[in-house]
Amino acid sequence: MSRDDSEGQPSVYKRVVSKNAAPYHYLKVCLVFEDDSTRLSAVDLKQFIITGLKNLFGEVGAALNFDVLKYDEETLTALLRVYSRGLVRLWSSLTLLGSYQNQACAFRVLQVSPFLLALTGNSRDLQLD
């Protein structure tokens, strides 16, 4: 809130709201399977997410632009980049994906930020010497 000071005028308060101007949001997600032996490649992961978007939002949802910036096949952890306006759609489709090739699975969203640098560290994992 800001205050306008004018002589002879009563004080007026203005509420200033600014929207997040970041064009992208970044998600750090982990795919968890019931059976730990299941592995996916980066291409399979992206296709799996596109299928989830298509099931939930149709062809329009499948056209949502997102990128897999980094993917670790051992831990099934990925770093995704999506336009800010598509964040809710992507996140909701990840939440509702429940099976891959008849195996129960779930996406765990570990971190979300409009800044890629914010995902490099996690204060919950910080160990002080």
For residues [X] and [Y]: do they belong to one hydrophobic cluster (side chain heavy atoms under 4.5 Å, members Ile, Leu, Val, Met, Phe, Trp, Tyr)?
X      : Y     : answer
Leu79  : Tyr83 : yes
Leu119 : Trp91 : no
Val109 : Leu64 : yes

Might you work through the side chain to side chain contact (heavy atoms under 4.5 Å, CB included) test for Leu31 and Cys105, ending with a clear yes or no? CA-CA 7 Å; Leu31 183 58; Cys105 69; 4.1 Å; yes
[atom1] of [X] to [atom2] of [Y]: how many Å apart, nearest 0.5 Å?
X      : Y      : atom1 : atom2 : answer
Lys28  : Leu69  : NZ    : CG    : 12.5 Å
His25  : Arg81  : NE2   : CZ    : 13.5 Å
Asn65  : Leu90  : CG    : CG    : 11.5 Å
Arg108 : Thr77  : CZ    : OG1   : 12.5 Å
Leu76  : Phe33  : CG    : CZ    : 6.5 Å
Lys70  : Leu116 : NZ    : CG    : 10.0 Å

Please tell me if the side chains of [X] and [Y] come closer than 4.5 Å, counting only heavy atoms from C-beta onward.
X      : Y     : value
Phe107 : Phe48 : yes
Val82  : Tyr26 : no
Leu27  : Phe66 : no
Ser41  : Glu73 : yes
Tyr24  : Leu87 : no
Leu96  : Asn55 : no
Tyr71  : Leu40 : yes
Leu80  : Val68 : yes

Donor-acceptor contact below 3.5 Å, side chain Ser99 vs main chain Ala104: no
Over all heavy atoms of both residues, which pair between [X] and [Y] is shortest? Give the atoms and the distance, please.
X      : Y      : result
Ala118 : Ser113 : CB-OG, 3.3 Å
Ala78  : Leu45  : CB-CD2, 3.7 Å
Arg89  : Leu53  : O-CD2, 3.8 Å
Leu110 : Cys30  : CD1-CB, 3.9 Å
Leu97  : Gly52  : CD2-CA, 3.5 Å

Does CZ belonging to Arg39 count more than 12 external heavy atoms closer than 6.0 Å? yes
Please test Glu59 against Lys54 for side chain to side chain contact (heavy atoms under 4.5 Å, CB included), starting from the C-alpha separation and ending with a verdict. CA-CA 6 Å; Glu59 292 294 328; Lys54 186 175 181 180; 2.8 Å; yes
